[in-house]
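Letters A, B, ... mirror the listed sequences (proteins, then strands); counts begin at 1.
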There are 2 protein chains.
Amino acid sequence: MLKEETLSTPHDCTECPIRHRAVCARCESDELEVLEEIKYYRSFQAGQTVIWSGDKMDFVGSVVTGIATLTQTMEDGRTQMVGLLLPSDFVGRPGRDGSAYDVVATTDLVMCCFRKKPFETMMERTPHVAQRLLEMTLDELDAAREWMLVLGRKTAREKIASLLSIIARRDATLNLRTPQGALVFDLPLTREAMADYLGLTLETVSRQISALKRDGVIVLEGKRHITVPDFNRLLDEAGDDSDGGMFA
Amino acid sequence: MLKEETLSTPHDCTECPIRHRAVCARCESDELEVLEEIKYYRSFQAGQTVIWSGDKMDFVGSVVTGIATLTQTMEDGRTQMVGLLLPSDFVGRPGRDGSAYDVVATTDLVMCCFRKKPFETMMERTPHVAQRLLEMTLDELDAAREWMLVLGRKTAREKIASLLSIIARRDATLNLRTPQGALVFDLPLTREAMADYLGLTLETVSRQISALKRDGVIVLEGKRHITVPDFNRLLDEAGDDSDGGMFA
DNA sequence: GGCCTACTTTGACCCAGATCAAGCGCGCGG
DNA sequence: CCGCGCGCTTGATCTGGGTCAAAGTAGGCC
């Protein structure tokens, strides 16, 4: 869900139950009735667990507002975040019964849900929905595998830069640009959540953010508000290939 | 592709172009003609690169014999293996143009391929194929995310144990069992490949394998042949929950 | 305003795993 | 049969990031 390709697929129809054209009740009018019938909303408070790993999951849906994380936890408490759900991201596993990981709301969260069975029935009748979901899942798989490189081979500094560039890129359309072309955004995560995402400790996250600030790669106002004066510099710090001008 | 659910989905029809019922030319006779028409085989030598990251990929297919790896590489040479392809595993990205990572044959390899366009056309006409592929992709996504926990939070010893248990479990049906119930299998990877999979150096891999051997968790004959006297002990070393008796 | 709590930063020290550097052993070609 | 090379093991040392500890900061609530 962090890949470039997905950026274009959510659309801005605020009435859409799932903010993707392929499964949008408004934009695919032939599916409207079925979807409306099985649609409902759920909201969660910051910190609440939406689904526990292993629990039976009888719905699919998407984030409307707020942020949730997918995390895996070992018995001794070590946790690894394996995904980040931002508004318009799809949640669910058509054809699978239980959740494979905890889904935790990190801010107050509103989700739009569909009961799973009827949704699957609808899927069988409308092949392009399954195809769209397949493409979305392939994008998530790419994102997960890209993250494996970050976790396995990058240094702490590169990990931080990778995370910042992904967050900045993720909702590039929403981000402000200063007249000088700098990117401005708010970190949606605490230091601890960043650490869980990056396989680091929160102390190391804090130190590396301070270092990037000291070196002028980023400008920090408060703890969350970030300005990136030169996005290609950030990509360079992340060890990624420069993106060939998209943010030049 | 390393998840338990996938174990049951390949079937043993040796004539099958793709060893999954959902896309099997023999077992789904209505698709036979189309598939036969667009089917061809390719073979590769050990060490050969099947597809380079970013290359246009005009086919989908599956491994018939041999082993391939999915790897990502940084400019400075650091590499991370992001997937392991064993016989019957699916390769390809329906609806996506290029490959996202290098696919490298680690042994001599035979693949069964279908040209992508006609395969996609077939997919549009037969919805259950898209659904089956969606489920397979969800399994791979689970496996990738499970691996993120390994890469981000486990110690070197736990990483090795995790890899061994996954390889042992992966083709549990093929593995030998001694009268005492021990699992026996051959490592399909060099120490270096294991290191690239685990985000370690090959020296650390070697040391930890020696340690597991010294502690009696595994028995090594030669460099590749492994006996696991007590699978639950191995799972314990991996930091995983015991599997509730499947291998008890 | 002032305290409280949750989050963050910074410092000092330590250790798991990386790095550098020999050797080992086995299969293969001559 | 020997020697060469590649994959593997083992040892010595170094270091990035973890751990433990303390102090700084900011919002929320009385």
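A side-chain hydrogen bond (donor to acceptor under 3.5 Å, both in side chains) with B/T79 holds for exactly one of B/T73, B/D196, B/T71, B/T69; it is B/D196.
Closest approach of B/T201 and B/A195 over heavy atoms only: C-CB, 3.6 Å. The heavy-atom pair separating B/R153 from A/G199 by the smallest distance is NH1-C, 3.5 Å. Contact record, A/D55 with A/I51: CB-CG2, 4.0 Å, taken as the closest heavy-atom pair.
The side-chain heavy atoms of B/L151 and B/Y197, taken from C-beta on, include no pair separated by under 4.5 Å. Side chains of A/V63 and A/L86 form no contact here, defined as non-hydrogen atoms less than 4.5 Å apart. By the 4.5 Å heavy-atom criterion applied to side chains, A/L163 and A/L198 are counted as neighbours.
A heavy atom closer than 4.0 Å to some atom of DNA chain C occurs in B/T155, B/A156, these being the qualifying members of residues 152-161 of chain B. Near DNA chain C, defined here as any heavy-atom distance below 4.0 Å, there are no residues from residues 215-222 of chain A.
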Give the table of side-chain donor-acceptor pairs shorter than 3.5 Å for residues 101-108 of chain B, with sequence neighbours excluded, one pair per line with atom names and distance.
from, atom 1, to, atom 2, distance (Å)
B/Y101, OH, A/D142, OD1, 2.9
B/Y101, OH, A/R145, NH1, 3.0
B/D102, OD1, B/S53, N, 2.7
B/T106, OG1, B/I67, O, 3.1
B/T107, OG1, B/I67, N, 2.9
B/D108, OD1, B/A46, N, 2.8

Show every donor-acceptor pair shorter than 3.5 Å between a side-chain atom in residues 208-217 of chain A and any protein atom, with sequence neighbours excluded, or say none if there are none.
from, atom 1, to, atom 2, distance (Å)
A/S210, OG, A/S206, O, 3.0
A/D215, OD2, A/R157, NH2, 2.2

Using a cutoff of under 3.5 Å, can you pull out all pairs of nitrogen or oxygen atoms linking the protein to nucleotides 10-13 of chain C, with atom names and distances?
from, atom 1, to, atom 2, distance (Å)
C/dT10, OP2, A/S210, OG, 2.8
C/dG11, N7, A/R207, NH1, 2.9
C/dG11, O6, A/R207, NH2, 3.3
C/dA12, N6, A/R207, NH2, 3.4

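Note: CZ (A/R78) to C1' (C/dA16) measures 13 Å, nearest angstrom. Residue B/Q208 contributes atom CD, which lies 10 Å from atom P of C/dA16 at whole-angstrom precision. Going from atom CG of B/L198 over to atom C1' of C/dA18 covers 15 Å, rounded to whole Å. For the pair B/R191 CZ and C/dC26 P, the computed distance is 14 Å after rounding to whole Å. In this structure, A/L187 places its CG atom 10 Å from P of C/dT9, rounding to the nearest Å.
No more than 12 heavy atoms of other residues, nucleotides or ligands shown are found within 6.0 angstrom of CD on B/E192.
Among the atoms of the strands shown, only primed sugar atoms or phosphate atoms (P, OP1, OP2) are found under 4.0 Å from some heavy atom of B/T190.
Note that the first and last nucleotides of DNA chain D, 5' to 3', having any atom under 4.0 angstrom from a heavy atom of chain B are D/dG7 to D/dA12.
The pair B/E237-B/K159 does not count as a salt bridge, with every side-chain nitrogen at least 4.0 angstrom from each carboxylate oxygen.
Between B/Y40 and B/F59, the ring planes are perpendicular. Angles over 60° get that label, and only those under 30° would be called parallel.
A cation-pi arrangement is not found for A/R169 relative to A/F231, the charged atom failing to lie both closer than 6.0 Å to the ring centre and inside a 45° cone about the ring normal.
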